[in-house]
Novice: 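Here it is, the structure in full.
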Amino acid sequence: AKQCPGCLIIRTNIYGWNIQPRPSLAEWIFETLTAGQVVTGFQDVFFSPILVNDLSDTLLDMLREDCGGVYHVAGSETVSKADFARGVAREFGLNEHLVQDVSIRSKNLAAARPRDTSLNVTKAELTLGRALPGVRKGLSRFRQLREDGFAVALKAGSKGPGNAISG
């Protein structure tokens, strides 16, 4: 921020429908639960997720306001990965009992992962004069985007140039 006054620097935790072939966390949870398979969710890893579409809307608002500096733009609440997975299940009417709580300590992960990447969004909310969306609101929009065909259009749009995708 000191080297580039007026620059807008954002720290975030996103989820959403992914243009890449590899599914995002939320897509993986949805696809796995839809297939009737168990999702293991870390009950001791926390984050403050924001739907990427909500992040995009917020960034446009911040650019209109000519914001500069470092901001945390994420969901307004902190949840465990397991609770997030249960939220996906509830939103889509899937079996949330397929989400099994596990500890990150029980997994032999190749790379170390932080246990808490939650972000305090107070500065962004005060600057914008509004609350950033919470998990339920974001997951509701995530579901609505799927129902409106956004997820399919996004994947189709990744196969060729010139495809405008809005959401």
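These numbers were taken from a predicted model, which means no experiment stands behind them.
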Novice: Hey, quick one: are Val135 and Ile14 part of the same hydrophobic cluster, counting side-chain heavy atoms closer than 4.5 Å, chains of contacts allowed?
Specialist: no
Novice: Between Arg130 and Asp61, does any NZ, NE, NH1 or NH2 come within less than 4.0 Å of an OD or OE carboxylate oxygen?
Specialist: yes
Novice: Taking the six-membered ring for Trp and the full ring for Phe, Tyr or His, determine whether the centres of Phe84 and Tyr15 are under 6.0 Å apart.
Specialist: yes
Novice: Same cluster or not: are Phe46 and Val99 linked, directly or through other Ile, Leu, Val, Met, Phe, Trp or Tyr residues, by side-chain heavy atoms under 4.5 angstrom apart?
Specialist: no
Novice: Is Leu51 reachable from Val88 through a run of hydrophobic residues whose side-chain heavy atoms are each under 4.5 Å from the next?
Specialist: yes
Novice: Report yes if the side chains of Arg86 and Asp83 come closer than 4.5 Å at any heavy-atom pair, otherwise no.
Specialist: yes
Novice: If you group Ile, Leu, Val, Met, Phe, Trp and Tyr whenever their side-chain heavy atoms sit less than 4.5 Å apart, what else falls in with Leu60?
Specialist: none
Novice: Can you name the nearest heavy-atom pair linking Pro23 to Asn18, along with the distance?
Specialist: C-ND2, 4.1 Å
Novice: State whether the side chain of Ser48 and the backbone N or O of Ala74 hold a donor-acceptor pair below 3.5 Å, judged by distance alone.
Specialist: no
Novice: Could you check whether any side-chain heavy atom of Thr78 comes within less than 4.5 Å of a side-chain heavy atom of Phe47, counting everything from C-beta outward?
Specialist: no
Novice: Side chains of Asp54 and Lys137: does their closest heavy-atom pair fall under 4.5 Å?
Specialist: no
Novice: Output yes when Glu27 and Lys155 qualify as a salt bridge under the 4.0 Å nitrogen-oxygen rule, no when they do not.
Specialist: yes
Novice: Hydrophobic cluster membership, with links at side-chain heavy-atom distances under 4.5 Å among I/L/V/M/F/W/Y: are Leu59 and Leu145 in one?
Specialist: no
Novice: Does the side chain of Trp17 reach to within under 4.5 Å of the side chain of Phe30, using non-hydrogen atoms?
Specialist: yes
